[in-house]
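Notes to accompany the following structure.
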Protein chains: 2
Amino acid sequence: MEKEWRRSMPLLSMNIVMQLTGLTARQIRYYEEHELVQPARTEGKQRMFSLDDIDILLEIKDMLATGVNIAGVKQIFEMKNSPAAKNDTKQVITDAQLRAIVKEEMQLAQRHQRASLRQGDLSRFFR
Amino acid sequence: MEKEWRRSMPLLSMNIVMQLTGLTARQIRYYEEHELVQPARTEGKQRMFSLDDIDILLEIKDMLATGVNIAGVKQIFEMKNSPAAKNDTKQVITDAQLRAIVKEEMQLAQRHQRASLRQGDLSRFFR
DNA sequence: GTTGACATGTTAGCTAACATGACATATACT
DNA sequence: AGTATATGTCATGTTAGCTAACATGTCAAC
């Protein structure tokens with residue numbers, strides 16, 4: 001309970017954070033620009049980082065090194081912080097639709113008419 | 001219980017899947033290449049997709065449209081399927097380390113020696 | 001206060017690679 | 001027989017992520 005706010009206490013300057021993370025100032029600002037970190041500011045607008053911020057920065061560094069891009073990192077962070085998000089591949093096709101599709105498809109195949117259903121994007125029918 | 005295997009039953013051909021998802025064959029193969037989908041195969045090596053596959057493909061399409069890249073999509077999928085992964089920003093810096101850092105930093109600042117700790121990447125000490 | 005290191009926001013530009021397209025050839029379906 | 005798919009290779013546009021550079025602003029110490 002005491003450690004908690006100690007970790008979120010903004011006491012590290014840009015300079016130190018650069019050393020701790022191995023990131024350039026430009027990179028760090030870039031990540032902030034994309035809302036991945038929100039360091040506190042002094043009255044004079046200078047960034048002050050907490051330990052939590054450092055953790056986040058190191059995580060970003062990790063993921064980027066893995067090949068994930070900023071958009072991906074953001075998505076993953078959101079996923080971590082939202083308790084929901086647990087939905088396994090949401091069901092976008094109902095069984096009824098399936099039956100219709102397959103039936104339609106078979107009819108078409110049988111009639112050698114690859115003209116109607118087969119052309120055009122049907123994805124709009126789903127989700 | 002019956003619907004389950006119906007959804008995972010591979011019965012859709014490339015052609016249909018293209019219509020259903022609005023993706024090109026090239027795209028779908030590309031995603032498979034990156035192990036995001038694993039469609040079944042006929043004896044003649046032709047892909048046969050299940051409804052679950054379709055769901056996955058639509059999800060991929062969604063995320064890519066959002067700006068997430070393949071690596072990100074993969075990461076997110078893994079995160080969904082692994083029960084753990086729940087770790088909020090794992091602690092990479094201990095309080096002891098913190099004290100050392102800050103102390104060191106203050107001493108250095110005081111002595112006007114911006115030469116020792118301040119240069120070099122310290123990120124290797126963490127994680 | 002004045003000084004000198006450090007931060008800031010902004011702009012401009014590089015580069016590497018991601019995601020697709022396109023084509024060719026071979027094999028599989030019906 | 002004729003379309004649909006497979007696989008592989010080459011090519012391409014776009015843009016994400018970053019560096020470099022600048023002019024201005026901040027902070028601590030003397």
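No experiment lies behind these values; they were computed from the predicted model shown. Each chain gets a letter, A, B and so on, in the order the sequences are listed, and its residues count up from 1.
Atoms CD1 (I16(B)) and C1' (dA4(D)) sit 12 Å apart, rounded to a whole Å. Between the P atom of dA7(C) and the CG atom of L12(A) lies a distance of 12 Å, rounded to the nearest Å. Straight-line distance from the CD atom of E43(B) to the C1' atom of dA4(D): 18 Å, rounded to whole Å. Between the C1' atom of dA6(D) and the CE atom of M48(B) lies a distance of 15 Å, rounded to the nearest Å. Straight-line distance from the CZ atom of R41(B) to the C1' atom of dT27(C): 13 Å, rounded to whole Å. For the pair M14(B) CE and dT3(D) C1', the computed distance is 15 Å after rounding to whole Å. Atom C1' of nucleotide dT5(D) and atom CG of N15(B) are separated by 10 Å, given to the nearest angstrom. When the P atom of dT20(C) is taken as reference, atom CG of L23(B) falls 8 Å away, rounded to whole Å.
Between F49(A) and T21(A), every side-chain heavy-atom pair lies at or beyond the 4.5 Å cut-off. Residues D62(A) and L58(A) form no side-chain contact, since every pair of their non-hydrogen atoms from C-beta on lies 4.5 Å or further apart. Residues L57(A) and V17(A) form a side-chain contact, since some pair of their non-hydrogen atoms from C-beta on lies under 4.5 Å apart. Residues Y30(B) and L36(B) are not in side-chain contact: their nearest non-hydrogen atoms beyond the backbone lie 4.5 Å or more apart. Within the 4.5 Å cutoff, side-chain heavy atoms of K74(B) are placed close to those of E78(B).
Residue V73(B) is grouped with residue M79(A) when hydrophobic side chains (ILVMFWY) are merged at heavy-atom distances under 4.5 angstrom, including chains of intermediate members. Note on M14(A) and L12(A): same hydrophobic cluster, where clusters join Ile, Leu, Val, Met, Phe, Trp and Tyr whose side-chain heavy atoms are under 4.5 Å apart, directly or indirectly. Side-chain heavy atoms closer than 4.5 Å link hydrophobic residues (I, L, V, M, F, W, Y) into clusters, and following such links, possibly through other members, connects L64(A) to L23(A).
When the side-chain nitrogen and oxygen atoms of S13(B) are compared with OP1 and OP2 of dA4(D), none of them lie within a distance under 4.0 Å.
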Per-nucleotide protein contact string for nucleotides 11-24 of chain D (B base, S sugar-phosphate only, - none; heavy atom under 4.0 Å): -----SBSBB----
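Note on the helix from dG1(C)-dC30(D) to dT30(C)-dA1(D): terminal axis deviation equals 40°, with five pairs used at each end and the result rounded to 10°.
Sequence neighbours left out, the pairs with a member in residues 35-49 of chain B that pass side chain to side chain donor-acceptor pair (under 3.5 Å) are E32(B)-R41(B), E32(B)-R47(B).
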